[in-house]
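When reading the values below, keep in mind they use all heavy atoms of this one structure, side chains included, and skip hydrogens, waters and symmetry mates.
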Amino acid sequence: MITKRYTTGFLPVLSLTLGLLMTSCSNYYMDEVRAPTEQELEDARAGKTLRPRTFLREGVFHMQRVQRGSTVRVRDEIRLKKPNLPPFDVAYIARDIESVLLELANTAGESIIVPQGLRGRQITLVHSGAGFQEMLNLVLSKAGYHYNYVEGIWYVTRYPIRNYILEIGQSNRKGGLIAKTELAADSATTNASGTDISTEYSDTVWAQVKATMDEFINVGKSELSGSSSGGTTAAPIEAKGLTGSGDLVASDGSTVKIQEEPAPQQTSSNDILPPPTLEGDVDEEEQIMAGLNSGDVQSFEITRPDNNNNLVAEENADTWYKLTESAGLITVRAAPEAHRLIEEYLDQVQSASHRQVVVEARIVALIRDKTTDRGFQLSGVIDKDSIFSGAFGFTPASQLDATALQGGHLNLTASPNNTKDLTAIMQSLSTLGDVYTLSSPSLLARNNQMSRVSVTRQLGYVETEVETATGANAEVSIGARTDRAKFKNAGTVMSIMPFIGKSKVQMRFRLSVATKSSETKVNTSIGDAAPVENTVPNLANNIIDQDMVLEFGRVYAIGGLIETSTTINDSYDPTLNQLPGLGEVFSRANNNKQDTEFIVLIRVSRA
């Protein structure tokens with residue numbers, strides 16, 4: 001009974017133990033690093049998984065416009081006193097502008113200040129369904145005026161003041177598509193690309209804006225405003241008559257005003273009018289009229305006012321603008337025509353500066369290193385006591401080491417009478433090493449601005465230095481030993497600088513992919529002691545630097561580089577290797593072949 005219980009309890013425990021062992025082995029093989037399948041590589045080359053699923057593409061992250069309409073003009077905060085006033089339906093036929101403005105302001109309950117320059121101007125306008133502000137714009141635009149709204153008062157002016165905001169960043173920004181500091185940890189000799197091809201640029205948008213503002217600020221500017229010089233004498237004109245108001249009629253039919261309206265006569269302190277003109281006295285105007293009526297053409301000198309004191313302050317002021325780059329603020333005082341041009345220009349600059357694209361890339365890099373090391377080595381000695389004595393065999397240039405055989409090998413030694421008379425060594429080994437690099441970087445780049453993504457890692461190694469000194473007797477003495485840590489950066493660095501157009505993107509593209517391809521063993525001797533062996537990683541560098549034009553949505557293949565490097569080191573007997581079945585016995589092969597495949601797929605989409 002005891003035995004039966006033992007057997008019954010032992011089987012479940014054994015089954016459970018075997019199950020756990022098999023499960024652990026299964027997990028071990030599942031975690032084993034395997035090369036990509038051919039189908040996976042083909043899908044990567046075809047770009048089937050070019051676009052990754054990110055929250056940026058799914059619309060979770062989004063931005064809204066701060067304001068509608070113009071993106072650069074700062075709108076005035078206008079609060080109408082009668083916001084629910086019915087729209088105006090008007091028909092003005094040769095109406096005085098000043099009376100029209102006062103009528104509109106009185107109806108809307110608004111306060112308005114009209115300058116003297118609008119007096120005597122007339123307007124013909126038929127319009128319906130417009131509010132007070134729209135009607136004010138229509139009426140003033142006919143006379144080349146506008147308004148400034150300050151604390152509930154509408155100031156009619158020739159040169160309104162407007163504020164604009166331009167969000168384009170700072171100027172004088174420089175940079176390169178590749179920086180040595182990203183690829184070199186200690187010195188320029190350890191960078192991944194080997195060379196530094198940079199593209200420096202300077203953002204001169206603000207300088208262009210200033211130059212354009214200097215031109216636009218004078219559009220629609222009055223010839224009388226801003227003039228502080230003294231009076232000047234106009235060139236003589238030829239007159240052939242007078243108008244009813246006393247203005248000269250020039251020979252080309254134009255009228256020239258030569259005098260202001262006569263001021264009212266002033267009485268003396270005793271309320272007596274000045275004496276009338278005596279008989280026989282000739283008035284100057286009567287002389288001019290007499291000469292012109294007789295058909296004679298006479299010349300007259302016209303003297304302009306000595307200054308602009310006859311103009312009101314609004315019309316006598318000059319145009320100007322103030323620019324603050326750090327805040328992106330532009331304050332402009334100019335004519336309405338200039339404001340329209342400035343607003344359209346700044347709006348285009350703003351939209352061009354804020355355009356951006358999504359650049360997606362699929363990088364496939366495959367480095368395949370194949371090494372073949374096989375051969376046969378034979379050496380024998382015929383005993384001197386025999387009829388014949390001597391040595392025979394096949395020794396290749398790169399001999400086989402019996403103590404370090406790898407792969408399939410055979411080592412035979414015949415030692416009759418405790419003497420080594422026959423030695424045969426055979427080795428057959430092929431190694432295949434692959435380095436796969438599959439990456440899908442994505443960049444969100446602004447127009448005419450540089451964007452970079454860099455994913456690098458440091459490959460460390462040790463460099464040994466030994467100090468030696470030579471004495472008087474030419475004896476070399478070993479001094480101190482120094483071990484220094486060195487690094488080489490490997491990884492992917494992609495940089496772009498796009499110029500975004502309507503249907504295409506002109507882009508400077510720079511890609512550097514550095515991967516570890518092999519290792520080099522460096523031995524440093526230290527006197528009679530065993531040499532120090534250091535392993536230095538070797539990098540395979542693939543660089544693409546192009547300036548290209550891409551269409552939105554299309555996939556472009558760039559690179560496509562396939563490089564094959566083959567090293568052949570064969571040793572053979574030119575006669576015995578021709579024997580059937582014995583050719584491999586009298587040959588030695590130590591060959592290496594490296595294939596490099598580098599394909600980059602790129603697509604540009606609107607952001």
Side-chain angles (χ1 to χ4, degrees), residues 25 28-29 32-35 367-435 461-464 466 476 478 481 483 516-538 564-595:
C25 292
Y28 171 76
Y29 286 112
E32 184 182 1
V33 177
R34 293 186 174 90
I367 302 176
R368 175 164 296 177
D369 193 345
K370 184 176 182 180
T371 302
T372 300
D373 189 0
R374 71 176 188 276
F376 186 83
Q377 185 172 320
L378 175 66
S379 61
V381 177
I382 300 177
D383 193 349
K384 60 182 179 179
D385 296 334
S386 302
I387 300 175
F388 300 101
S389 63
F392 66 94
F394 173 74
T395 302
S398 55
Q399 299 184 17
L400 295 172
D401 187 2
T403 61
L405 293 177
Q406 295 179 344
H409 61 274
L410 175 64
N411 185 9
L412 297 177
T413 302
S415 303
N417 299 326
N418 296 325
T419 60
K420 295 182 178 180
D421 297 331
L422 178 63
T423 301
I425 302 174
M426 183 182 67
Q427 174 182 286
S428 179
L429 176 65
S430 293
T431 58
L432 181 63
D434 292 345
V435 178
Y461 62 97
V462 177
E463 184 178 82
T464 301
V466 179
V476 179
I478 306 299
R481 166 187 167 182
D483 293 332
K516 180 182 177 181
S517 59
S518 60
E519 294 180 346
T520 300
K521 297 185 181 299
V522 179
N523 295 325
T524 304
S525 300
I526 306 178
D528 297 334
V532 177
E533 184 179 78
N534 296 325
T535 303
V536 180
N538 299 324
T564 300
S565 177
T566 304
T567 302
I568 305 295
N569 186 10
D570 287 342
S571 299
Y572 57 92
D573 187 291
T575 302
L576 298 179
N577 72 327
Q578 301 296 328
L579 297 177
L582 295 179
E584 292 293 330
V585 176
F586 297 100
S587 64
R588 170 83 164 93
N590 188 4
N591 305 329
N592 178 264
K593 181 180 180 181
Q594 186 179 79
D595 296 332

> Is the number of heavy atoms from other residues, nucleotides or ligands under 6.0 Å of Gln406 CD greater than 12?
Replying inline: no

>> Let me confirm one number: the CG-CZ distance from Asp434 to Arg368, rounded to the nearest 0.5 Å.
In response: 4.5 Å

>> Has Gln427 got a side-chain atom pairing as donor or acceptor with Gly407's backbone, closer than 3.5 angstrom?
In response: no

> How long is the gap from CG on Asp373 to OG on Ser398, to the nearest 0.5 Å?
Replying inline: 7.0 Å

>> Between Ile425 and His409, is there a side-chain heavy-atom distance shorter than 4.5 Å?
In response: no

> Where is the tightest heavy-atom contact between Ser571 and Pro396, given as atom of each residue plus distance?
Replying inline: CB-CB, 3.8 Å

> Mind checking whether Leu378 and Leu422 have side chains closer than 4.5 Å, heavy atoms only?
Replying inline: yes

> Has Tyr572 got more than 12 heavy atoms of other residues, nucleotides or ligands less than 6.0 Å from its OH?
Replying inline: no

>> Donor-acceptor pair, distance only, cut-off 3.5 Å: does the side chain of Arg588 make one with the backbone of Gln377?
In response: no

>> Between Asn591 (side chain only) and Asn569 (backbone N and O only), is there a donor and an acceptor less than 3.5 Å apart?
In response: yes

> Shortest non-hydrogen contact from Thr372 to Ser430?
Replying inline: OG1-OG, 3.8 Å

>> Which heavy atom of Ser587 sits nearest to which heavy atom of Phe394, and what is that distance?
In response: N-CE2, 3.7 Å

> Which atom names give the shortest non-hydrogen contact between Thr535 and Tyr461, and what distance separates them?
Replying inline: O-CB, 3.3 Å

> With sequence neighbours left out, what residues match Asp570 under salt bridge (charged side-chain N to carboxylate O under 4.0 Å, His left out)?
Replying inline: none

> Got a second to check how far Leu400's CG is from Thr423's OG1, nearest 0.5 Å?
Replying inline: 12.5 Å

>> Test of understanding: with side-chain contact (heavy atoms from CB on, under 4.5 Å), list the residues that count as partners of Asn592, not counting sequence neighbours.
In response: Asp369, Thr371, Thr567

> What pair of heavy atoms forms the shortest contact from Asp401 to Leu405, and how long is it?
Replying inline: O-CD2, 3.3 Å

>> Under the side-chain contact (heavy atoms from CB on, under 4.5 Å) test against Asn534, which residue among Thr520, Val462, Asn523 passes?
In response: Val462

